[in-house]
Amino acid sequence: MAVSNTVQRDPRDIEHEFDSLFAIMRKRSFRDGSDTAGEPANYIYAYPPDRELEVGRRIAQLTNRLQGMTPDPGDIAPGVLVIDLYDTAIGVLRDSRIFDRVLKKEPRLHRASPDGEVGDMFLQSLVDKLSPDKDDLMNAIAERYREARERHQADIVFITGVGRVYPYIRTHTLMERIQLVFEQSRPVVLFFPGTYAKTASMVSTMRLFDRLGADNYYRSFSLNGMEDPLGGQ
């Protein structure tokens, strides 16, 4: 049997996409929220889940590139605050002095049911402490933001680590509640391993890992494949 030499290439050029993100985010109109026509300056960059490691490297490079850029006359290079949800969740558990207890109980509580779902007791213990519906996680994010803002290091906020905190931190719930933490004009960019798209009925949906059921979410602009945050509108 003949072996084809054709190489299947991923159509997504992550390097080019991050160059486009830099071009968008370096604009003062992006950073002061004036591009959003009065809507909260919340954005989602969705990427293939299997490109997680590459995207992680690109986020670090993008952060350094923005903070080290040569600004236009009358402008300044922005400070970028990166909030990793996994690290934040661990910090919440440690600050609450329950991290070691959670690890100790996991072998007993983290059971798999016949359908393969996570045991309710373990999952619920994390949800009770870390769900965006609760105060602990949002207070931790708010404190990180307050400290960075006072040092002028939070002109743009990146939120990462979404895949590592599922299912006890649900992204659509988080995006609804961050509007209580950040000013409406503060650009907040969520890096999402999956798909963020509009349905035929114009409802925006988030599908984590491109496998899980879609969650409805309505108020974020997509940064995928756009020349500017509003897609030239």
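Nothing here was measured: the structure is a model prediction, and the numbers come from that model.
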Kindly determine whether Y43 and T36 satisfy side chain to side chain contact (heavy atoms under 4.5 Å, CB included), including the steps that lead there.
CA-CA 10 Å; Y43 302 89; T36 64; 3.3 Å; yes

Which of these passes side-chain hydrogen bond (donor to acceptor under 3.5 Å, both in side chains) with Y145: E150, Q153, E183?
E183

Taking the side chain as C-beta and beyond, is there a heavy-atom pair between L130 and K134 under 4.5 Å?
no

Looking only at non-hydrogen atoms, find the nearest pair between S34 and D32 and report the distance.
OG-OD1, 2.7 Å

Shortest non-hydrogen pair, P49 vs F209, comes out as CG-CA, 3.5 Å

When you look at D155 and R28, which way does the salt bridge (charged side-chain N to carboxylate O under 4.0 Å, His left out) test go after all the steps?
CA-CA 10 Å; D155 299 302; R28 194 167 188 170; over 6 Å; no

Between atom OG1 of T160 and atom CG of L85, what is the distance when rounded to the nearest 0.5 Å?
6.5 Å

Step by step, would you call Y45 with N224 a side chain to side chain contact (heavy atoms under 4.5 Å, CB included)?
CA-CA 6 Å; Y45 171 73; N224 291 90; 3.6 Å; yes

According to a hydrophobic-cluster definition based on side-chain heavy atoms being under 4.5 Å apart (Ile, Leu, Val, Met, Phe, Trp, Tyr only), do M69 and I76 belong together?
no

Minimum side-chain heavy-atom gap P193-L208 below 4.5 Å
yes

Just by distance, with hydrogens left out, do E17 and Y47 show a side-chain donor and acceptor under 3.5 Å apart?
no

Give, for atom CG of L62 and atom CG of D19, the distance between the pair rounded to the nearest 0.5 Å.
9.5 Å

Closest heavy-atom pair and its distance - R31, P78:
CD-CB, 3.5 Å

Can you tell me how far apart CG (L93) and CG (L137) are? Round to the nearest 0.5 Å.
10.0 Å

Taking 4.0 angstrom as the limit, do K27 and D35 come out as a salt bridge?
no

Roughly how far, to the nearest 0.5 Å, is CZ of R146 from CD of E143?
4.0 Å

For the CZ atom of R170 and the CE atom of M206, what is their distance to the nearest 0.5 Å?
10.5 Å

Taking the cut-offs as 6.0 angstrom to the six-membered ring centre and 45 degrees off its axis, would you call R65 and F22 a cation-pi pair?
yes

Per side chain to side chain contact (heavy atoms under 4.5 Å, CB included), I83 is matched among I178, V188, I141 by I141

Identify the two heavy atoms, one from R177 and one from M138, that lie closest to each other, and give their separation to 0.1 Å.
NH1-CG, 3.6 Å

Should R26 and D72 count as an ion pair when the cut-off is N to O under 4.0 Å?
yes

Minimum heavy-atom distance between S220 and M175, given as atom pair plus value:
OG-CE, 3.3 Å

Taking C-beta and beyond as the side chain, do V55 and F18 meet within less than 4.5 Å on heavy atoms?
yes

I14 to R51 - nearest heavy-atom pair and separation
CG1-NH2, 3.2 Å

Any side-chain heavy-atom pair from L223 and M25 closer than 4.5 angstrom?
yes

Could you pull out all residues at least two apart from R164 that satisfy salt bridge (charged side-chain N to carboxylate O under 4.0 Å, His left out)?
D84

If you measure from CZ on R186 to CG on N42, what distance do you get to the nearest 0.5 Å?
12.5 Å

Can you say whether the rings of F191 and F158 are parallel (under 30°), tilted (30 to 60°) or perpendicular (over 60°)?
perpendicular

